[in-house]
> 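Pasting in a structure now, in structure tokens, and then I'll have a few things to ask.
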There are 2 protein chains.
Amino acid sequence: MLTSTVENYLKALLMLSNQGEKRVSTGDLAKSLGVTPGSATSMIKTLAEAGLANHKPHYGVLLTDEGRTLAVHVVRRHRIIELFLVNILEMEWDEVHVEAEQLEHVVSDEVIARMDKLLEYPTIDPHGDPIPSADGTFIERPVHQLSQCEEGQRVQVARISDQNSSFLKFAESHGLTPGATIEVQRRNEHADSITLQSNEEEITLGFTAANRIEVELVG
Amino acid sequence: MLTSTVENYLKALLMLSNQGEKRVSTGDLAKSLGVTPGSATSMIKTLAEAGLANHKPHYGVLLTDEGRTLAVHVVRRHRIIELFLVNILEMEWDEVHVEAEQLEHVVSDEVIARMDKLLEYPTIDPHGDPIPSADGTFIERPVHQLSQCEEGQRVQVARISDQNSSFLKFAESHGLTPGATIEVQRRNEHADSITLQSNEEEITLGFTAANRIEVELVG
DNA sequence: CACTCCTTTTTGATTAATCAAAAATTATAC
DNA sequence: GTATAATTTTTGATTAATCAAAAAGGAGTG
């Protein structure tokens, strides 16, 4: 059985490598997990010895197929749990990430299978992220960043790529939740801002915030 | 935050001390947790230093009020989770103990509160064990051991005090689940056995097995 | 009171995960 | 092509939890 720590490293590697495409640097890995680079190096070695990652010293790490499969399953557990907490236990979407972060390491496959059934085999979690299927298939929808959209463009919110509770609360309070349709009113490159029509109200976001909102074009 | 290990020691101490009445020996504690006596001694010291237990070297341990409160909350979490897994996720009653053993250490108070609500504030878990209330009240119903019942006595199964999956499967297959009404047909001290009428069938149990079934007298 | 038995505690080692700080390596700059 | 900066790796220490085995303590027997 894998430790929670190992699972967290695998998950971070999956995310940072773009589903396992590019090598991840020790520094980025360490930063994303909030540990020192030395700690990351030593765990990378452990993963490499276990056949879960491939390490070229000084040139980064990459998950092996086995490591990637395990990581995808952790992500699957995480996202099913999140949706379960929102849909069945009626928790707020901004608090489930932290909770799922804990649960993902201890729930059995049996429990996940039953949650999956109860939720009627969902494919998207509360933040718009895809739920990998049980066989390990993990498809990312092609999406655009809101910050890149042109004026007048109508879009549908696809996902919020920030799990920070207060950002999620803010987004929700302005109708920026997955599925919502909004329209880009103005875009000002110099002001580093974009103004949207959402929910009967107008709201202006800086590009940094707008970057965290991924959308699909409408019409 | 307490580690899972500490929570498991507290829980074991609560159980072995009869809700905190009598001192627990290092050996019994170690046996119940499947560790060596030396490990138990060292954890007992840790608990004592943290003010969670009271240790008289060579004369056993006892939880402090603070330790007992924490232990009761672990038990509450465990039992709500068990019931949740059976009633909401429709798991088998013989598999939920192991699952709850893991989950009890990571679910937040928030999740427990929501499960509690969804289950409509239950007081008994799937095995007939009482669920401590959120304020720490923990009442044991006065029950009898089936092995002590007289011939002709009609009783209702109150709880099964054995979490072993195969024993639970066996009990269930003969209708020995909490709430079921059965009648003692014969009792043979020398044969160390008791024969019951349950579920349209007659079944004979040795006293050791009958000891694991607690009942309430009927009529 | 001394001897034996059983239990408990102590001691010393091990494993997983971490950090701080030193050492090594790669990349960059001139 | 050496010096400098940045990153990565190594080293040595620490913490929690464990075990095996040695040492100590308590209780009962004669």
Side-chain angles (χ1 to χ4, degrees), chain A residues 1-17 22-63 66-67 70-71 74 101-102 104-106, chain B residues 1-17 22-64 66-67 70-71 74 101-106:
Chain A
M1 233 273 148
L2 301 178
T3 63
S4 299
T5 311
V6 166
E7 289 192 339
N8 284 333
Y9 273 92
L10 293 175
K11 201 171 44 143
L13 284 170
L14 183 69
M15 299 308 186
L16 296 172
S17 67
K22 61 176 210 289
R23 299 201 152 264
V24 175
S25 77
T26 302
D28 287 353
L29 179 60
K31 197 171 293 173
S32 108
L33 287 163
V35 298
T36 61
S39 301
T41 300
S42 106
M43 178 55 82
I44 287 167
K45 275 190 183 173
T46 306
L47 297 178
E49 272 160 33
L52 303 177
N54 212 297
H55 186 211
K56 249 195 196 147
H58 290 105
Y59 292 93
V61 224
L62 201 56
L63 291 170
E66 189 186 349
L70 290 170
V74 178
E101 203 92 273
Q102 301 299 313
E104 67 189 10
H105 306 298
V106 300
Chain B
M1 233 277 146
L2 301 177
T3 63
S4 299
T5 311
V6 166
E7 289 191 339
N8 283 333
Y9 273 92
L10 293 176
K11 202 171 44 144
L13 283 170
L14 183 69
M15 299 308 188
L16 295 173
S17 66
K22 61 177 211 290
R23 300 200 153 265
V24 175
S25 76
T26 303
D28 287 353
L29 180 60
K31 196 171 292 172
S32 108
L33 287 163
V35 298
T36 61
S39 301
T41 299
S42 106
M43 178 55 81
I44 287 167
K45 276 191 182 172
T46 306
L47 297 178
E49 273 161 31
L52 303 177
N54 212 297
H55 187 211
K56 250 195 197 148
H58 288 105
Y59 292 93
V61 224
L62 200 56
L63 291 170
T64 59
E66 189 186 347
L70 290 170
V74 179
E101 203 91 272
Q102 301 299 313
L103 290 166
E104 67 189 9
H105 307 299
V106 302

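To find a chain, count down the sequence lines: A is the first, B the second, and so on, and within it residues start at 1.
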> Counting primed atoms plus P, OP1 and OP2 as sugar-phosphate and everything else as base, spell out the protein contacts along nucleotides 1-17 of chain D at 4.0 Å heavy-atom distance: B, S or - for each nucleotide, 5' to 3'.
-------SBB------S
> Within the distance-only criterion (no hydrogens, no angle test), does the side chain of A/Lys22 pair as donor or acceptor with the backbone N or O of A/Leu16 below 3.5 angstrom?
yes
> Ignoring hydrogens, what is the shortest heavy-atom contact between A/Thr26 and A/Pro37? Give both atom names and the distance.
CG2-O, 3.6 Å
> Taking all heavy atoms of B/Ala71 and all of B/Leu14, pick out the closest pair and write down the distance.
CB-CB, 3.9 Å
> Return the set of residues passing side chain to side chain contact (heavy atoms under 4.5 Å, CB included) with A/Glu101 (not counting sequence neighbours), or none when no residue passes.
A/Lys11, A/His78, A/His97, A/Glu104
> For A/His55 and A/Ala48, which heavy atoms make the closest approach, and how far apart are they?
CB-CB, 4.3 Å
